[in-house]
Amino acid sequence: MVQVDASPKGVAPDTGWFAVDLSRRTVLAGSAAVAASTLAAKPDMARAAAPKAGRQVPGAYRMAVGDIEVTALLDGYLDVGRDIMPTAEAGERDTLLRENFDGREQLRLDVNAYLVNTGDELVLIDTGTGDIFGPTLGKLPAQLEAAGIGPDRIDLIALTHMHPDHIGGMVTKEGDAVFPNAAVAVSETDQAFWTSEETLAALPDQFKGFVHQARAVSKAYGERMDLFSGAADIAPGISAVPLPGHTPGHTGMRISSGAAQLVIWGDIVHVPALQFDRPEWTIAFDVDPAEAAASRARILDELASDRVMVGGMHLWFPGFGHVAKQATGYRFHPARWRHEV
Ligand SMILES: [Zn+2]
């Protein structure tokens, strides 16, 4: 019946597409009718009860930066009080949250880490929280596993800073290294600050654990701790971007391959619904709030001007996107789903 191969383009043959299409429709309609009557006869089969999953599939998402592959890994989330930002004016803060359709009483901070495959090495940028902050966090090992990577395969851990939500995933309860073969690149300034007696003495009791955690990491990785300063090269294709203030050695990681670039900026923004509009608003965890705000202003301006993609540990997972200047402040444009990495 179908003799359309030889017909010239645009000319409907006697038994052309239209006729074929009609006959196919008839066939389809016929099978639909059969299906409907089958379902009517067996109503139980039509309503297969599936249990609701109640949770997401693994949080691992990849993007290419030139020849380098970066995988965002979701460690989980942390809820903090709205008053965590002491310089935010409460009325404006609540208005901005409302404008962002964020009706939560608390601020929900995603905690991300990033795996960088340079082709020669696997570099993990930050490590999530481990078991420090309870059951909403500590998912990084499961995400890594879902991405097909065991902890023994990580060659290098590059730290943005030594806060517990970034280094908590590095040591076990017993104090052993979770990543047995990894060296650790960390700012000399940050490591010195977070392991010092002076910091321990100066911190209020509820934050003294920060020092204990930094010391536990330094002890577990020992000789494998590789201290850097300033805009050092961390690995081929990865270089440090000093962004001090949140902590004294707080550092972003610039990933470059050819013309492609991604800056993973650590904790430049903790609350995306607020700090793009109001980059001068600081968070209670900032060691030097004024310096933190200055670093944020500088890197936002640079990345918006250069149109460079960012990734961030507390941006909405997977945390990739662009920053655009507005009349006042900035706007974050989360990256669209990448079909081909
Ligand atoms: Zn953090």
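None of the values given here were measured: they were computed from a predicted structure. For ligands, and for the atoms within them, numbers begin at 1 and follow the listed sequence.
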Taking the six-membered ring for Trp and the single ring otherwise, decide whether the centroids of H161 and W194 are under 6.0 Å apart.
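Ring-ring flag for H161/W194: false, centres at least 6.0 Å apart.
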
Decide if the gap between the ring center of H270 and the ring center of H246 is smaller than 6.0 angstrom.
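Yes, the ring of H270 comes within the 6.0 Å limit of the ring of H246, centre to centre.
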
The Zn ion (ligand 1) - closest N/O/S atom in D267
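Atom name returned: OD2.
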
Tell me, which N, O or S atom in D165 is closest to the Zn ion (ligand 1)?
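Of all N, O or S atoms in D165, the Zn ion (ligand 1) lies closest to OD2.
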
For the metal site, I want the angle between atom NE2 of H166 and atom NE2 of H314 with the Zn ion (ligand 1) at the apex, to 10°.
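It comes to 110°.
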
Flag the pair R278 and E92 as a salt bridge only when some basic side-chain nitrogen lies within less than 4.0 angstrom of an acidic carboxylate oxygen.
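A salt bridge is present here (some side-chain N lies under 4.0 Å from a carboxylate O).
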
Show your reasoning for whether ring-ring contact (aromatic ring centres under 6.0 Å, His included) applies to H166 and H314.
CA-CA 11 Å; H166 301 256; H314 303 300; 5.4 Å; yes

